S.K.: 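The structure that follows is given in the form of structure tokens.
Remember, it's a predicted structure, so these values are computed and weren't measured experimentally.
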Amino acid sequence: MTTPDQLRDLDSRPKRYWNVDGIPELVMGLVWILWGGAFLVGGAIPPGSAANLYWMAFPAVLVLSGVASAWLVRRLKERFTYPRTGYIEYRDPGPLVRALTALIVVLTAAGVAALIVTGRAAGVEHTAAPGIGVILSLAFVVASIRQKAPHFLALAGVALALAAAAAALKLGWTGMNWLFVWLGAAATLMGAWRLRRYLRKHPAEAQA
Amino acid sequence: MTELDRVIHEPARLLIVGLLNGVKEADFVWLMHESGLTRGNLSSHLAKLEEAGYVEIEKTFRGKIPLTILRLTRTGRAAFAGYRKAMSRLLAEAGGRQ
């Protein structure tokens, strides 16, 4: 007889399938390197018209990179994953989940804007990078448990180590940029290694 | 046991329906990998589920490669939800008797 636990396990298997090939980590890592790197480059440009132009185009680059990453993950999965271990389309998350996600994004953006407008941003300069590092580390731990993906624990460890380094070195806002660059590099390397392992384990086969 | 849906209660079909319940749609290859069933075995169980109106099977192509898309119908999702409820109730009753 099938137990409710076994039925719950069936529910979670499509979610686990998302991480089977390393592609999401690979692309996420590249996007984080781009974001961190773009901030570092922007900070290195001397004030003037070039810097103004750079920062004007910056929000568009961030938004476009987010859209492009979703497109790239899909294309890579179509190219490598679906012909080997099959295709799935996830169920619509529903209006409640969409609304909650939008609310969290708006509240976070409003919080950051409030910090900048009220001039309190300087006060959190040295705690932002360690704080973000710890939050990302916890997010990886939660994802690891929920998706039964132990490799996320390694990324959680990297995020925590980077948070500790940022706190010790007191790098200020630059610390946040370096955090994303290094964490992105770790995610990219892990994704590439997992993709290579997946491709070796599953040679291409014809569709049914 | 009379409460349980006999079409779904068969272990292989329960596995198929349970897996399809978590997705909007999937192809034959994914279902075969996840279920561990052979091609022939999976096909025969899918035919039974289609006959019961629980699964919708769409045969199409991706480029020149044949592609079989599978979806749980509304009836299939309702039947699976009903099966889960009935199973939980039976297990609770069995636990209460012990």
S.K.: Is it true that, when you exclude A/Arg16 itself, more than 12 heavy atoms of the residues, nucleotides or ligands shown sit nearer than 6.0 Å to its CZ?
M.R.: yes
S.K.: Should we say atom CZ of A/Arg91 is surrounded by more than 12 heavy atoms from elsewhere, each under 6.0 Å from it?
M.R.: yes
S.K.: Given that the side chain runs from C-beta out, which part of A/Arg8 has a heavy atom under 4.5 Å from chain B: side chain, backbone, both or neither?
M.R.: both
S.K.: Rounded to the nearest 0.5 Å, how far apart are CG of B/Leu14 and CG of A/Leu10?
M.R.: 6.5 Å
S.K.: Can you confirm whether more than 12 heavy atoms, excluding those of A/Lys77, are under 6.0 Å from its NZ atom?
M.R.: yes
S.K.: Can you give me the closest heavy-atom contact between B/Arg62 and A/Tyr87, atom names plus distance?
M.R.: NH2-CB, 3.6 Å
S.K.: With only heavy atoms counted, which part of B/Leu15 is less than 4.5 Å from chain A, the side chain, the backbone, both or neither?
M.R.: both
S.K.: What option among B/Ile69, B/Val23, B/Leu70 has the most heavy-atom pairs under 4.5 Å with chain A?
M.R.: B/Val23
S.K.: Kindly determine whether A/His202 and B/His33 satisfy side-chain contact (heavy atoms from CB on, under 4.5 Å), including the steps that lead there.
M.R.: CA-CA 11 Å; A/His202 302 283; B/His33 268 94; 4.3 Å; yes
S.K.: Taking the side chain as everything from C-beta on, heavy atoms only, tell me whether B/Glu34 gets closer than 4.5 Å to A/Ile88.
M.R.: no
S.K.: Looking only at heavy atoms, which two atoms of B/Asp27 and A/Tyr82 are closest? And how far apart?
M.R.: OD2-O, 4.3 Å
